[in-house]
Amino acid sequence: MPRGSGISKKYKPTGALADIIGSKPVSYAQVSKKLWQHIYDEDLQGEKGDGHSVSFNGKKYVGGQVIHCGECPMMKKFCGGKNKVAMVQLAKFTKKYMKEI
């Protein structure tokens, strides 16, 4: 596989994403790993039975599928000012802040 294609393609994080994971060029897999590490470190993921839910694309997400962005200023900025989002929305926000190199 040619360098810089497919899964190994490099991106430069910008804006709010760079504030969270740094601005060093990384693959999409590394972006995801670093973003989730931040979520775990800041204890932003909901828990089963916590009563929190969020809807996205007509589907309801509950418990561990909810990310509480409002508890971390960097994540709140990354998630467009929302207090909580569905974990599947992270990909949408991530793409907004990744520049292809």
Side-chain angles (χ1 to χ4, degrees):
M1 181 184 315
R3 181 171 160 80
S5 65
I7 199 163
S8 65
K9 191 174 214 170
K10 296 287 184 175
Y11 298 89
K12 179 161 178 59
T14 62
L17 180 61
D19 293 342
I20 296 170
I21 69 165
S23 59
K24 184 178 176 183
V26 290
S27 69
Y28 187 81
Q30 291 169 320
V31 169
S32 184
K33 182 178 178 180
K34 289 180 178 194
L35 185 59
W36 274 100
Q37 188 61 53
H38 178 76
I39 290 168
Y40 295 139
D41 290 347
E42 296 293 321
D43 197 26
L44 301 176
Q45 187 174 13
E47 295 178 8
K48 184 176 181 179
D50 68 4
H52 294 279
S53 66
V54 64
S55 294
F56 177 66
N57 282 347
K59 204 170 175 193
K60 184 177 179 180
Y61 297 87
V62 296
Q65 299 171 323
V66 177
I67 308 301
H68 298 277
C69 308
E71 298 175 16
C72 173
M74 289 188 296
M75 279 298 290
K76 188 167 184 170
K77 182 179 174 186
F78 173 74
C79 294
K82 297 180 183 219
N83 286 322
K84 59 185 179 178
V85 298
M87 64 182 196
V88 296
Q89 287 179 274
L90 294 178
K92 173 184 153 189
F93 296 119
T94 299
K95 289 178 184 178
K96 178 180 176 182
Y97 294 109
M98 289 176 39
K99 182 180 176 186
E100 224 176 284
I101 57 172

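Atoms considered below: every heavy atom in the structure, side chains included; atoms not considered: hydrogens, waters and symmetry mates.
- Closest non-hydrogen pair, Ile39 versus Leu90, comes out as CD1-CD1, 3.6 Å.
- Looking at every heavy atom in both residues, Lys76 comes nearest to Asn83 through NZ-OD1, 2.9 Å.
- Under the 4.5 Å side-chain heavy-atom criterion for ILVMFWY residues, no single connected hydrophobic cluster contains both Leu44 and Val62.
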_Let's go through Ser53 and Lys60 carefully: what are the C-alpha distance in whole Å and the side-chain angles of both, what is the deciding distance for side-chain contact (heavy atoms from CB on, under 4.5 Å) to 0.1 Å, and is it a yes or a no?_
CA-CA 7 Å; Ser53 66; Lys60 184 177 179 180; 3.4 Å; yes
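- Judged as a ring-ring contact (aromatic ring centres under 6.0 Å, His included), the pairs with a partner in residues 43-66 (not counting sequence neighbours) are, in order, His52-His68.
- Atoms CE and NZ, from Met75 and Lys82 in turn, are 12.5 Å apart once rounded to the nearest 0.5 Å.
- Shown here for Pro13 and Ile21, the closest heavy-atom pair between the two residues is CG-CD1, 3.7 Å.
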*List the steps, then state whether side-chain contact (heavy atoms from CB on, under 4.5 Å) holds for Gln45 with Tyr40.*
CA-CA 7 Å; Gln45 187 174 13; Tyr40 295 139; 3.2 Å; yes
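- Counting heavy atoms from C-beta outward, Lys24 and Lys10 have side chains that stay 4.5 Å or more apart.
- Nearest heavy-atom pair, His38 versus Ile20, reported as atom, atom and distance to 0.1 Å: CG-CG2, 3.5 Å.
- Nearest heavy atom pair, residue Ser23 against residue Lys12, reads O-NZ, 3.0 Å.
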*Thr94 and Tyr28: CA distance, side-chain angles, deciding distance, side-chain contact (heavy atoms from CB on, under 4.5 Å) verdict*: CA-CA 9 Å; Thr94 299; Tyr28 187 81; 3.9 Å; yes
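- Shortest non-hydrogen contact noted between Ile67 and Met87 is CG1-CA, 4.1 Å.
- Taking CE from Met98 and OG from Ser27, the interatomic distance works out to 8.5 Å, rounded to the nearest 0.5 Å.
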